[in-house]
Amino acid sequence: MNSEETKPTDFIREAVAEDLKNGRFNYVRTRLPPEPNGYLHIGHVKAFMIDYLIAKENNGELILRFDDTNPTKEETEFVDAIIEDARWLGIEWKEVTFASDYFALLYDWAVQLVKKGLAYVDDQSPEEVSVNRGTFTEPGKESPYRNRSVEENLDLLERMKNGEFPDGSRVLRAKIDMSHPNINMRDPVMYRIIHEPAHHRTGNKWKIYPLYDWSHGQNDAMEGITHSLCSLEYLNHRPLYEWFLEQLDVFRSRQIEFARLNLNYTVMSKRKLRRLVEENYVNGWDDPRMPTLRGMRRRGYTAEAIVDFVQRMGISTVATSNAGVIADIAFLESRVRDDLNKHSLRRMAVLKPLKVVIDNYPDDLVEEMDAVNNPEDPNAGTRKIPFSKVLYIEQDDFRETPPPKYYRLYPGNEVRLRYAYFIKCAHVVKNENGEVVEVHVTYDPTTRGGDSPDGRKVKSTIHWVSARHAKEAEIRMYDRLFTKEDPEEGEDGFLACLNPNSLSVHTGYVEPRLAQTKPGDRFQFERQGYFCTDPDSTDDNPVFNLTVSLKDTWAKIEKKSK
RNA sequence: UGGGGCGUGGUGCAAGGGCAGCACACCAGCCUUUGGAGCUGUGGAUCUUGGUUCGAAUCCAGGCGCCCCAGCCA
């Protein structure tokens with residue numbers, strides 16, 4: 001970041017700067033608190049970047065702390081996946097910790113609250129707890145067990161910890177105010193009893209597990225986290241967050257909330273994503289159509305583009321949808337194009353081949369044409385592409401009867417074959433169904449390289465591949481997964497508006513240079529889009545994924561004229 | 001319904017009492033050996049009502065709308 005650029009500023013950065021200035025803190029430490037119960041998606045990136053960058057910008061530290069307080073949901077598989085994805089994004093942390101690292105200390109703190117008369121063991125059933133919590137308009141009722149002696153509470157808590165009671169039979173609750181207008185303050189549950197399954201790290205050692213409210217803030221204090229940045233849904237929890245720290249008289253971390261990030265034309269909830277995978281609407285968590293980081297990575301999105309997108313989205317407290325801020329996927333795509341345009345090697349590939357025969361070209365001649373690898377980057381150099389009498393061009397680049405404004409190949413029209421020659425369409429060959437299967441053209445030998453010595457212009461340049469030299473390849477074209485901007489609306493509505501054309505597989509031809517490619521390689525297929533080599537790719541059967549198409553002005557014109 | 005939060009072009013974010021601006025999208029044009037990229041330009045917004053003020057997107061009050069909270073989820 002150079003000095004020309006104005007520093008990114010937002011209400012969180014301002015608050016952090018203010019805290020440093022007025023001495024509330026003299027350092028900055030943030031934490032990244034994923035729950036290891038699923039794969040990361042684009043929505044997570046916002047929180048990740050905020051936590052990472054705010055620490056970094058202030059010469060502070062980031063701690064990656066897994067929020068593993070619920071053994072019924074969390075798995076080691078996901079901690080590994082989350083670490084891998086976060087690294088891929090370029091996020092760096094000082095250390096990795098787990099909420100479960102602090103279970104023993106947290107228990108001590110709970111004992112302290114019990115001793116101060118600020119927490120008690122409640123024997124009510126879950127149903128009773130719920131009923132007695134009251135409603136938005138009516139206050140709750142105090143539990144009959146609320147005023148037990150400290151000694152009895154201590155004894156019961158100890159026995160809960162030792163596993164003497166069955167799941168659901170008792171909880172530890174903070175003693176606050178059962179008629180508080182903020183329901184989170186109506187004696188929130190701190191510990192519940194869970195015997196099975198074993199915790200992914202602590203095994204069967206613990207029979208009681210803390211809830212989020214009785215864990216997160218305490219862990220923040222234990223780790224000296226200065227700024228605990230979270231999403232808007234936790235705003236209502238802040239009074240409780242602060243109450244605990246105050247009663248405990250420990251380090252006072254500051255919680256600040258911001259709006260989550262979402263994308264249109266996709267779903268982000270874990271439940272819905274899981275259904276897509278488990279019911280085989282997509283081919284796994286890393287399906288290129290998924291908004292997961294693994295999916296986007298396989299699709300060919302770069303970490304740089306994703307981070308740039310998230311950065312440019314900014315931060316706010318706007319809360320007009322339950323999903324937070326909903327970004328237009330077109331904006332993400334524009335960041336991807338911007339990045340890939342500068343860095344991708346250009347190649348020629350024909351997705352839907354149409355055979356072209358140059359009638360006046362020598363049968364056995366093969367010429368090597370010079371092509372530039374990236375017009376945006378002179379250092380990318382040039383390459384040779386073989387040219388011969390029989391070629392493949394894109395079906396879309398030929399029309400027997402051209403619509404208005406169409407200036408590609410059609411009978412009588414002259415176009416340029418990129419880096420090769422001008423050709424003019426002479427006649428066509430059709431099959432028994434009347435479909436054009438072969439286009440015959442003549443070429444102008446004086447236009448080699450693509451320029452006419454007589455200064456003659458053509459309106460169109462099309463890409464091609466030499467039939468004899470091209471390599472067959474599988475090309476997977478992707479479109480948005482859903483046809484509606486907000487697939488969430490309605491019950492199973494999100495499945496009802498799945499886009500049936502979100503994946504289409506083509507067998508095309510690519511220039512010989514593309515025969516040696518390895519998974520993750522990125523290219524621009526000229527005039528079509530950015531593609532990357534899929535992990536399924538082999539030397540015998542190269543497989544390419546569409547990352548994002550190029551802007552298609554002709555498609556727009558054509559659509560408008562309809 | 002009680003509590004809390006939020007309302008700026010289609011979308012996202014600025015303007016922190018002084019000319020409402022940027023990006024994406026959209027539209028028009030220029031340029032072009034990618035109908036790509038690039039460049040230029042047009043259109044379009046302060047939820048509403050009232051108040052304070054010379055002056056309000058900004059401060060105040062009311063209204064309206066949307067979002068969050070009644071898990072032993074996070």
Side-chain angles (χ1 to χ4, degrees), chain A residues 9-10 14 33-35 37 67 69-70 72-74 122 125-126 129-131 133-140 167-173 180-186 188-194 208-209 211-213 215-216 230-239 257 259 261 264 309 312-335 337-338 341-342 346 348 371-372 375-376 405-408 416-420 422 449-451 457-463 485 524-529 549-557:
Chain A
T9 184
D10 52 69
E14 284 170 9
E35 184 186 14
N37 72 343
D67 230 328
T69 58
N70 187 346
T72 66
K73 293 190 164 182
E74 295 141 9
D122 192 350
S125 68
V129 169
S130 173
V131 167
R133 186 153 24 227
T135 68
F136 291 146
T137 50
E138 302 159 78
D167 288 14
S169 60
R170 287 180 166 86
V171 289
L172 184 72
R173 291 230 254 170
H180 198 108
N182 180 341
I183 290 178
N184 292 309
M185 299 297 271
R186 320 241 262 229
V189 175
M190 296 165 64
Y191 278 112
R192 75 290 218 182
I193 300 170
I194 301 175
I208 57 172
Y209 291 91
L211 277 91
Y212 172 87
D213 286 313
S215 174
H216 200 93
C230 61
S231 55
L232 249 27
E233 52 190 312
Y234 294 103
L235 194 67
N236 294 328
H237 295 249
R238 193 161 77 204
E257 311 81 11
L261 171 65
N264 60 9
F309 160 71
R312 286 170 189 263
M313 284 296 298
I315 311 175
S316 72
T317 53
V318 173
T320 45
S321 101
N322 64 342
V325 144
I326 301 170
D328 190 344
I329 193 165
F331 184 49
L332 205 211
E333 290 174 343
S334 84
R335 301 330 305 157
R337 286 193 189 99
D338 187 61
N341 174 47
K342 290 175 193 139
R346 311 292 129 125
M348 291 204 281
V372 321
E376 305 290 323
K405 296 270 189 75
Y406 185 90
Y407 39 85
R408 275 114 99 146
R416 171 167 40 233
L417 292 173
R418 175 141 239 228
Y419 300 126
F422 285 10
D451 281 310
K457 299 282 185 202
V458 289
K459 288 205 84 172
S460 186
T461 301
I462 65 177
H463 61 277
E485 270 199 58
Q524 184 199 96
F525 289 175
E526 294 218 25
R527 302 207 308 134
Q528 320 226 52
S549 66
L550 251 21
K551 282 204 250 177
D552 191 345
T553 306
W554 164 244
K556 216 177 270 182
I557 295 168

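Remember, it's a predicted structure, so these values are computed and weren't measured experimentally. Hydrogens, waters and symmetry mates are skipped; everything else that's a heavy atom, side chains included, is used. We name chains A, B, ... by the order of the sequence lines, and we start the count at 1 in each one.
In this structure, the side chain of A/Asp552 engages the main chain of A/Ala555 through a donor-acceptor pair within 3.5 Å. Remark: the backbone N or O of A/Ser549 is paired with a side-chain donor or acceptor of A/Arg337 at under 3.5 angstrom.
Between the side chain of A/Gln524 and the base of B/U34, a donor-acceptor pair under 3.5 Å is found. Contact of A/Glu257 with B/G4 (side chain to base): no donor-acceptor pair of N or O atoms is detected under 3.5 Å.
Contact of the A/Phe309 side chain with the A/Leu261 side chain is registered, since non-hydrogen atoms from C-beta on lie closer than 4.5 Å. Within the 4.5 Å cutoff, side-chain heavy atoms of A/Asp122 are placed close to those of A/Val129. Side-chain contact between A/Glu376 and A/Asn341: present, with at least one pair of heavy atoms (C-beta onward) separated by less than 4.5 Å. For the pair A/Asp10/A/Glu14, no side-chain contact is recorded, criterion being any heavy-atom separation below 4.5 Å from C-beta on. Counting heavy atoms from C-beta on, the side chains of A/Ile462 and A/Leu417 come closer than 4.5 Å. Here the side chains of A/Asn70 and A/Arg192 are in contact, with some heavy-atom distance below 4.5 Å.
Taking atom C1' in both B/G2 and B/U53, one finds a spacing of 36 Å when rounded to whole Å. Atom name P, nucleotides B/C60 and B/A45: the rounded distance is 26 Å, in whole Å. Straight-line distance between the P atoms of B/C22 and B/U34: roughly 30 Å, to the nearest whole Å. Atom name P, nucleotides B/G50 and B/C69: the rounded distance is 36 Å, in whole Å. Taking the C1' atom of each, B/G16 and B/U58 are spaced 7 Å apart, rounded to whole Å. Taking atom C1' on both B/U48 and B/G71, the two are 38 Å apart, rounded to the nearest angstrom. The same atom, P, is picked in B/C6 and in B/C59; the two are 11 Å apart, to the nearest Å. Rounded to a whole angstrom, the distance from the P atom of B/C24 to that of B/G38 is 9 Å.
Glycosidic conformation at B/G7 (O4'-C1'-N9-C4 for purines, O4'-C1'-N1-C2 for pyrimidines): anti, more than 90° from 0.
Within 4.0 Å (heavy atoms only), A/Tyr406 reaches at least one base atom of the nucleic acid. Counting any heavy atom pair closer than 4.0 Å across all strands shown, A/Pro375 reaches a base atom. Within the nucleic acid shown, A/Glu14 comes within 4.0 Å of at least one base atom, counting heavy atoms only. Among the protein residues, A/Asn264 comes within range of no part of the nucleic acid, since none of its heavy atoms lies under 4.0 Å from any strand.
Across all strands shown, nothing is found opposite B/U58 as a Watson-Crick or G-U wobble partner with both distances under 3.5 Å. The pairing partner recorded for B/G36 is none, the criterion being a Watson-Crick or G-U wobble arrangement whose two distances lie under 3.5 angstrom. Pairing for B/A74 is absent, with no Watson-Crick or G-U wobble pair whose two atom distances lie under 3.5 Å. Nucleotide B/C66: paired with B/G5 (Watson-Crick or G-U wobble, both distances less than 3.5 Å).
When the C1' atom of B/G35 is taken as reference, atom CZ of A/Arg416 falls 13 Å away, rounded to whole Å. Atom C1' of nucleotide B/U1 and atom CD of A/Glu138 are separated by 10 Å, given to the nearest angstrom. For the pair A/Glu333 CD and B/U11 P, the computed distance is 18 Å after rounding to whole Å. Rounding to whole angstrom units, CD of residue A/Glu526 and P of B/U32 are separated by 18 Å. Going from atom CG of A/Leu550 over to atom P of B/U32 covers 19 Å, rounded to whole Å. Following rounding to the nearest Å, A/Lys342 (NZ) and B/G36 (P) show an atom-to-atom distance of 18 Å. For the pair A/Arg238 CZ and B/G3 P, the interatomic distance rounds to 18 Å; values are reported in whole Å. Atom C1' of nucleotide B/U32 and atom OH of A/Tyr419 are separated by 12 Å, given to the nearest angstrom.
Summarising the geometry of A/Thr317 relative to A/Leu232, their closest heavy-atom pair is O-CD2, 3.6 Å, with the distance given to 0.1 Å.
At the phosphate of B/U34, neither OP1 nor OP2 sits under 4.0 Å from any side-chain N or O atom of A/Thr461. The side chain of A/Arg527 places an N or O atom within less than 4.0 Å of a non-bridging phosphate oxygen (OP1 or OP2) of B/G35.
Comparing A/Tyr407 and A/Gly314 against RNA chain B, the residue whose closest nucleotide sits nearer the 5' end is A/Gly314. Nearest-nucleotide positions on RNA chain B for A/Thr317 and A/Ile462 put A/Thr317 closer to the 5' end.
Ion pairing of A/Lys73 with A/Glu35 is absent here, as no side-chain N (NZ or NE/NH1/NH2) approaches a carboxylate O to less than 4.0 Å. Taking 4.0 Å as the cut-off between side-chain N and carboxylate O, A/Lys342 and A/Asp338 count as a salt-bridged pair.
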Q. Tell me, for nucleotides 68-74 of chain B in 5' to 3' order, what letter each nucleotide earns: B for a base near a protein heavy atom under 4.0 Å, S for only sugar-phosphate near one, - for neither?
A. BBBSBSB
Q) Going 5' to 3' along nucleotides 21-29 of chain B, which nucleotides have protein heavy atoms under 4.0 Å from the base (write B), which only from the sugar-phosphate (write S), and which from neither (write -)? A) --SS-SSS-
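Counted by atom type alone, A/Arg418 and A/His463 present zero donor-acceptor pairs between their side chains at under 3.5 Å.
For A/Leu235, the side-chain atoms get nearest to B/G5 when compared with the rest of B/G2, B/G5, B/G35.
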